[in-house]
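Remember, it's 1-based here, ligands and their atoms both numbered in the order they're listed. Quantities reported herein were computed from a predicted structural model and do not represent experimental measurements. The analysis underlying the following values was restricted to heavy atoms, covering all of them including side chains, and did not include hydrogens, waters or symmetry mates.
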Amino acid sequence: MPALTDLTLTQAIQALRKGNLSSQELTRAYLERIERLEPALHAFLTLVPERALAQAKAADRRLKAWRSSPSEPLPPLLGLPIAVKDVLCVKDMRCTCGSRILENFVPPFNATVVERLLQAGVVILGKTNTDEYAMGSSTENSAYGATRNPWNTEHVPGGSSGGSAASVAASLAPAALGTDTGGSVRQPASFCGVTGLKPTYGRVSRYGLVAYGSSLDTVGALGRTAEDVAALFVLMAGSDPRDATTLDLPVPKIDLGPSTSLTGLRVGVPDEYFITGIQPEVEGAVRHAVDVLASLGAMVQPVSLPHTEYALPVYYLIAPAEASANLARYDGVRYGPRLSGETMWDLFFNTRGEKFGAEVKRRIMLGTYALSAGYYDAYYGQAQKVRTLIKRDFDAVFEQVDMVAAPVAPSTAFRIGEHTGDPLSMYLEDVFTLPANLAGVPGLAFPVGFDRQGLPIGMQLMGPPFREEILFQSAHAYQQATDWHLRRPNL
Ligand code: GLN
């Protein structure tokens, strides 16, 4: 048997059920590895070893009872440890959003996704590092220090779910929850060589996710394989009375099995995603991966998403606009620390001025400006119109093909500090991930190669709304035929 921390979720489930492995052994193996590697990586903001071991112990009791009389079905993920991005509320566990303004916020409730996974039996190891309020592409905007890429600790893990991606890549957790507002699951998955899903907007509840850009925010998952991510997705998905934007559609059974045939599937390759400036090794690896899909039976054809170039300015108006409204609630009165002031306004000003980081303040200012009287139509209103055009591009393409294959980011993981002095150059890293959020469509990122420096390269498949199963089937077929997803950094 491979090392316990090398098991996929699917393998661990089987070992736990057979009694070859206990949840306490598995959880302890991850906690020990975290203790050894966390100082070099800083993937976590909060660790709860005692709580995790207590959960594992309870799971073992249930597994044991089930093995002696397997009458009732077991919760599907009973005893499996996972990590949770620190923007999702877990009851009685600190939730900082990577911000000083929520330094000691302890939510009294679970996010719906967390609740559903706890019902399914998972053990929570801790909360993972993130750019402050999920604003960023490198996890360098965390008020608690940057996370490092397990493949090369001089490089960023991507962001904002960089802690989750690094924890899976370094085998500190078999899987993790992340959120994707403009690429924050897919881009760190790509930079760290793991598989990550951004679901369709409305597929997974946002209740208990601390809001960034409410019309763009989605909760996704990261794991080693498409199969593992699918196992989490089917449990997370589904309508929720607490989130009125979730749709009441059946969640498909995703049966991946051993079949690797993609016969009949039509894959579109959009020209607009192969722009000048893209790292040649990224383009090469993605084009090669498309050839692999074709060799598995998929029919590949060029397609066009003509408004792609506008996604960046549109997103960087809409997301900050929504953020400026969502972050108005952090005033020093209702959550976290409070700085004093002579008047109420001074109190707000001092608390927000002191406790928000530079990037968050920049977004609040950008968003407030875009929404202000006199500029609203020119910026926010115009951005919404162009957003509709981007959405229509996808509608038109999905008349012709079943999914679109594209790079996740123009380059592999950049060096720590490379973009921190120039926010615009950081925003440019998001060009290929933003359109899916603006259009609300699902995207699945997974590793398709490495560059000369030994850093992972990712590809994303984007599909029609609520058709996540096509993406999982295709990525699974690809992973049956290749071994990029099995490579592990040397730690
Ligand atoms: N990098 C993008 C931003 O900074 C996306 C972040 C995200 O998806 N949370 O807004």
Side-chain angles (χ1 to χ4, degrees), residues 85-88 97-99 128-142 146-147 156-165 176-192 196-201 204 206 209-222 311-324 326-327 356-367 370 383 387 408-411 413-414 418-420 422-445 458 460 462:
K85 184 180 182 182
D86 205 21
V87 292
L88 288 159
C97 293
S99 182
T128 55
N129 200 7
T130 167
D131 287 296
E132 187 173 2
Y133 283 95
M135 295 176 191
S137 314
S138 67
T139 317
E140 292 167 292
N141 294 336
S142 167
T147 295
V156 303
S160 60
S161 311
S164 288
L177 295 185
T179 60
D180 192 313
T181 301
S184 282
V185 164
R186 288 163 290 153
Q187 185 255 24
S190 171
F191 279 15
C192 289
L197 173 77
K198 172 227 175 282
T200 311
Y201 185 84
V204 177
R206 291 178 292 117
L209 158 64
V210 178
Y212 162 19
S214 306
S215 77
L216 303 153
D217 291 342
T218 58
V219 185
L222 301 97
L312 197 103
V314 166
Y315 174 88
Y316 277 99
L317 286 167
I318 292 176
E322 294 184 8
S324 72
N326 278 325
L327 270 58
F356 277 140
E359 184 61 27
V360 170
K361 287 183 198 163
R362 182 177 298 120
R363 306 274 179 114
I364 292 174
M365 286 189 279
L366 274 172
R387 180 181 190 172
V408 179
S411 73
F414 43 90
E418 194 172 326
H419 291 303
T420 40
D422 180 2
L424 204 58
S425 77
M426 184 78 90
Y427 301 167
L428 283 167
E429 289 290 326
D430 302 336
V431 276
F432 299 150
T433 49
L434 305 173
N437 298 78
L438 291 166
V441 304
L444 182 67
Q460 60 176 333
M462 292 176 278

Tested for side chain to side chain contact (heavy atoms under 4.5 Å, CB included) against P188, the lone hit among S160, S161, S164 is S161

In ligand 1, the atoms that come under 4.0 Å of a heavy atom of R363 are 3 (C), 4 (O), 10 (O)

Test side-chain hydrogen bond (donor to acceptor under 3.5 Å, both in side chains), reference T147, set T139, T128, N129, output is N129

Could you check whether any side-chain N or O of E132 sits under 3.5 Å from a backbone N or O of S142, counting only pairs where one atom can act as donor and the other as acceptor? no

Here the atoms of ligand 1 under 4.0 Å from any heavy atom belonging to G136 are 1 (N), 2 (C), 3 (C), 4 (O), 6 (C)

Atom 6 (C) of ligand 1: of S160, S184, G178, the nearest heavy atom sits on S184

Quick look: D430 vs ligand 1, heavy-atom contacts under 4.0 Å, and the answer is side chain

Counting heavy atoms under 4.0 Å, the part of Y212 that contacts ligand 1 is side chain

Rounded to the nearest 0.5 angstrom, the CD1-CZ distance for I364 and F356 is 4.5 Å

Inset, instruction - Look only at interatomic distance and state if A134 has a nitrogen or oxygen under 3.5 Å from any nitrogen or oxygen of ligand 1. - result: yes

### Query
Are any of the N or O atoms of S137 closer than 3.5 Å to those of ligand 1?
yes

For this session: Answer with yes or no after comparing the ring centroid distance for Y315 and Y427 against a 6.0 Å cut-off, counting only values under it.
Result: no

A student checking ligand 1 against G182 at a 4.0 Å heavy-atom cut-off should list atoms 5 (C), 7 (C), 8 (O)

the protein heavy atom lying closest to atom 5 (C) of ligand 1 turns out to be Y315 OH, 3.3 Å

- Message: If you apply the rule side chain to side chain contact (heavy atoms under 4.5 Å, CB included), what do you find for S184 with K85, and how did you get there?
- Response: CA-CA 11 Å; S184 282; K85 184 180 182 182; 4.2 Å; yes

Report task. Report yes if some N/O of M135 lies less than 3.5 Å from some N/O of ligand 1; otherwise report no. Result -> no

- Taking K198 for the side chain and V441 for the main chain, is one N or O donor matched with an acceptor at less than 3.5 Å? yes

Numbered in order shown, the ligand 1 atoms found under 4.0 Å of a heavy atom of Y316 are 1 (N), 2 (C), 3 (C), 4 (O), 10 (O)

Does a donor on one side chain sit under 3.5 Å from an acceptor on the other, for R206 and T179? no

